[in-house]
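The structure appears below as structure tokens.
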There are 2 protein chains.
Amino acid sequence: MASDDGDRDYVQSLDRGITVLLAFDAEHPEPSLAELAQLTGFSRPAVRRFLITLERMGYVRSNGAGRWSLTPRVLSIGQHYTETHALIELAQPHLLSLAERTSESASLATLDGDEVVYVARVPVRRIMSINVSVGTRVPAHATSMGRVLLAWAPPVVVDEVLTGRPLRAVTPNTLTDLDDVRAELSRVRAQGWSIVSEELEIGLLSASAPVRDRSGEVVAALASSTSVGRSDAETLRRDVVPLLVDAADRLSASLGAAERVS
Amino acid sequence: MASDDGDRDYVQSLDRGITVLLAFDAEHPEPSLAELAQLTGFSRPAVRRFLITLERMGYVRSNGAGRWSLTPRVLSIGQHYTETHALIELAQPHLLSLAERTSESASLATLDGDEVVYVARVPVRRIMSINVSVGTRVPAHATSMGRVLLAWAPPVVVDEVLTGRPLRAVTPNTLTDLDDVRAELSRVRAQGWSIVSEELEIGLLSASAPVRDRSGEVVAALASSTSVGRSDAETLRRDVVPLLVDAADRLSASLGAAERVS
DNA sequence: TCCAGATGTACGCTTTGCGTACAGGCTGAC
DNA sequence: GTCAGCCTGTACGCAAAGCGTACATCTGGA
């Protein structure tokens, strides 16, 4: 029925059920059954079955009237990612001390596809227009964390991210020329850290350094973010980058990383 | 086949698929197919189908060898809870300012069953032995946030939580006598806030105040947490509670709450 | 009162998803 | 080197799980 061939060994109901769960979003925080059916494209009885299932599992709740909403149990799904990645727990003290020493928000992020995902964070003040939290995704090519992660990523991955789709100019300052980005990546690789200024959002300024696992592979980026009003690239480089690199190295060490290879 | 009758309208595959996803935990961060089959009790081919499905959806990744792990995309499921609850976004500035003014961690939590779930948080230093993050759950009866949430919860809910199962003595100080807890709840209701000392963990001390929605219903608790080394109940009451209640009231106001009803 | 729009239910068909059984591959012990 | 014991991948036939159409029911507003 579906066009593709690879339908074998694919569990349709799981996909559909999660699709229903994810249909709850900012635009539809309390959808009705009919609304969900329309959003997902499934029949109303089907959506109803999924809702009943999700309700029994505790992820969804009917508010009496015909409206449904997500329960905080949904958050516990993400906990399993956190639990299974020792890095995140180990990073906590380093994030806290970095945030305290710099009086700025500190973040840890990972690459997923062509996006950077925040996996741990200590916010100090609001710097971005969007509310950054664990799980938030931003385009890799326009952020210091993305630059760090790409700088040491396997060439295949870098190519996928950079040429997979055209590099979007998120702000007027975003590097979008392929050669420029590649040159920047090799600069980052050489100096061991990255500073990006107003490429993701006007007024936003951040610095990142790589975190390595025991095999020396870069598995995460540690970042400190501020705004152009409070600091500037030069100050960041002088005052923050040493702290940042130090914190990243110590975090790497606690992951059992060998001393920096290159 | 399953003993219960209510199997109708229940989508087994959704339940099973999520069960597989949740089988990844601290004890099994990189399970093999066979391991997952054993953990979940499903047949290996079944587990394989779920893994393939989850992999295509981007939640799970095979690490080349026969081991699987969760991807950060799992975190984005929780984002949908955050997105659909305006409260959480609105709370951010209040959490930040509370954390700054008290130099202590600030948290926002909600009741789910007999547990309190952290839904937003600004950590300042590590206070608990476990790493508290958004999604973390703690028993309601032993925490200041739980006391606040129960103090204004419908009697049915309170009864379920308090009599559903015996109140566990998490520490030697935990209130476990039903009458004591009920008395404490009415005290909380009268004074408008709660302080709990070393009932959840030795050395841990926290204060909470209720957050109300526009209908006046208490929908969350705002908390400030510290350790007995850094403060004590009396100091907390004098210095922190006013700030806390003020922040909670302003957050309530931004939710459009009417003035406090009682 | 009646209509519009919603949710709940029944039911028969299809195909999805199931597990058994077998093939193939890797690793380590002897 | 070879065999045993583990694993993952695949085939296949069967049962039932999940499907959507069609209809009943309820609610609120005109």
Side-chain angles (χ1 to χ4, degrees), chain A residues 1-24 27-57 59-71 84, chain B residues 1-24 27-71 84 215:
Chain A
M1 185 135 288
S3 46
D4 278 46
D5 55 319
D7 293 355
R8 218 33 159 322
D9 283 338
Y10 194 74
V11 182
Q12 191 192 54
S13 306
L14 174 55
D15 189 334
R16 288 180 156 207
I18 294 183
T19 301
V20 169
L21 189 71
L22 300 184
F24 292 76
E27 279 78 43
H28 312 277
E30 284 195 304
S32 66
L33 180 53
E35 215 168 325
L36 284 167
Q38 205 212 325
L39 285 168
T40 57
F42 310 144
S43 71
R44 278 202 289 281
V47 171
R48 188 164 173 278
R49 283 189 284 267
F50 291 122
L51 281 176
I52 289 174
T53 306
L54 291 169
E55 183 179 38
R56 273 223 238 157
M57 299 181 79
Y59 294 118
V60 135
R61 179 189 304 159
S62 163
N63 77 345
R67 307 243 140 219
W68 298 79
S69 56
L70 299 180
T71 73
T84 53
Chain B
M1 186 134 288
S3 45
D4 278 46
D5 56 320
D7 294 356
R8 214 39 153 322
D9 284 338
Y10 194 73
V11 182
Q12 190 193 54
S13 306
L14 174 55
D15 189 335
R16 288 180 155 207
I18 294 183
T19 300
V20 169
L21 189 71
L22 299 185
F24 292 76
E27 280 79 44
H28 312 276
E30 283 195 305
S32 67
L33 180 52
E35 213 167 327
L36 284 168
Q38 205 214 324
L39 284 169
T40 57
F42 309 144
S43 70
R44 279 203 288 282
V47 171
R48 188 165 174 273
R49 283 190 283 269
F50 291 123
L51 281 176
I52 289 174
T53 306
L54 291 169
E55 182 179 39
R56 274 223 236 154
M57 298 180 81
Y59 294 117
V60 133
R61 181 188 303 159
S62 163
N63 77 344
R67 307 243 141 219
W68 297 79
S69 57
L70 299 180
T71 73
T84 53
S215 74

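Letters go in sequence order (proteins before strands), and every chain restarts at 1.
- Summarising the geometry, atom CG belonging to B/L14 is positioned 6.5 Å from atom CG belonging to A/L14; distances are rounded to the nearest 0.5 Å.
- Atom CD of B/Q38 and atom P of C/dG19 are 16 Å apart (whole Å).
- Note: A/Y59 OH to A/M57 CE = 5.0 Å, rounded to the nearest 0.5 Å.
- Residue B/A34 has its side chain nearest to D/dC7 when only D/dC7, C/dT9, D/dC19 are considered.
- The nearest whole Å value for the distance from the CG atom in B/D15 to the P atom in D/dA17 is 13 Å.
- In this structure, CD in B/E27 is found 10.0 Å from CG in B/L39, a value given to the nearest 0.5 Å.
- B/R49 has no side-chain polar atom (N or O) that falls below the 4.0 Å cut-off from OP1 or OP2 of C/dT16.
- Axis orientation changes by 30° from one end of the helix from C/dT1-D/dA30 to C/dC30-D/dG1 to the other, with each end axis drawn from 5 pairs and the value rounded to 10°.
- Across the protein-nucleic acid pair, B/E35 atom CD and D/dC6 atom C1' stand 13 Å apart, rounded to whole Å.
- Each of B/F50 and A/W68 was assigned the nucleotide of DNA chain C with the nearest heavy atom; the assignment lying further toward the 5' end belongs to A/W68.
- A/R16 has no side-chain polar atom (N or O) that falls below the 4.0 Å cut-off from OP1 or OP2 of D/dG18.
- Checking B/R44 against A/A46, the closest nucleotide of DNA chain D that is more toward the 5' end is the one next to B/R44.
- Figure legend: cation-pi geometry between B/R16 and B/F42, with NZ or CZ positioned under 6.0 Å from the six-membered ring centre and within 45° of its axis.
- When each of D/dT10, D/dC19, C/dG8 is scored by its nearest atom to the side-chain atoms of B/P45, the top-ranked nucleotide is D/dT10.
- We find that CG of A/D9 is positioned 11 Å from P of C/dC18, with the value rounded to whole Å.
- Taking side-chain N and O atoms only, A/S13 has a distance below 4.0 Å to OP1 or OP2 of C/dG17.
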Show your working on side chain to side chain contact (heavy atoms under 4.5 Å, CB included) between A/D9 and B/R48 and close with a plain yes or no. CA-CA 8 Å; A/D9 283 338; B/R48 188 165 174 273; 3.4 Å; yes

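- What separates CZ of B/F42 from P of C/dT20 is a distance of 14 Å, to the nearest Å.
- Of the side-chain N and O atoms in A/R48, one or more sit less than 4.0 angstrom from OP1 or OP2 of C/dG8.
- One interatomic measurement links the two molecules: CG of B/L33 to C1' of D/dC6, which rounds to 13 Å at whole-angstrom precision.
- Here the P atom of nucleotide C/dT27 and the CZ atom of B/R67 are 14 Å apart, to the nearest Å.
- Rounded to whole Å, the distance from CD on B/E55 to P on D/dT8 is 14 Å.
- Within a 6.0 Å radius of CD in B/E30, more than 12 heavy atoms belonging to other residues, nucleotides or ligands are found.
- Both the sub-6.0 Å distance and the 45° axial angle are not jointly satisfied by B/R49 relative to the ring of A/Y10.
- Mapping A/G66 and A/L14 onto DNA chain C via the closest heavy atom, the residue that lands nearer the 5' end is A/G66.
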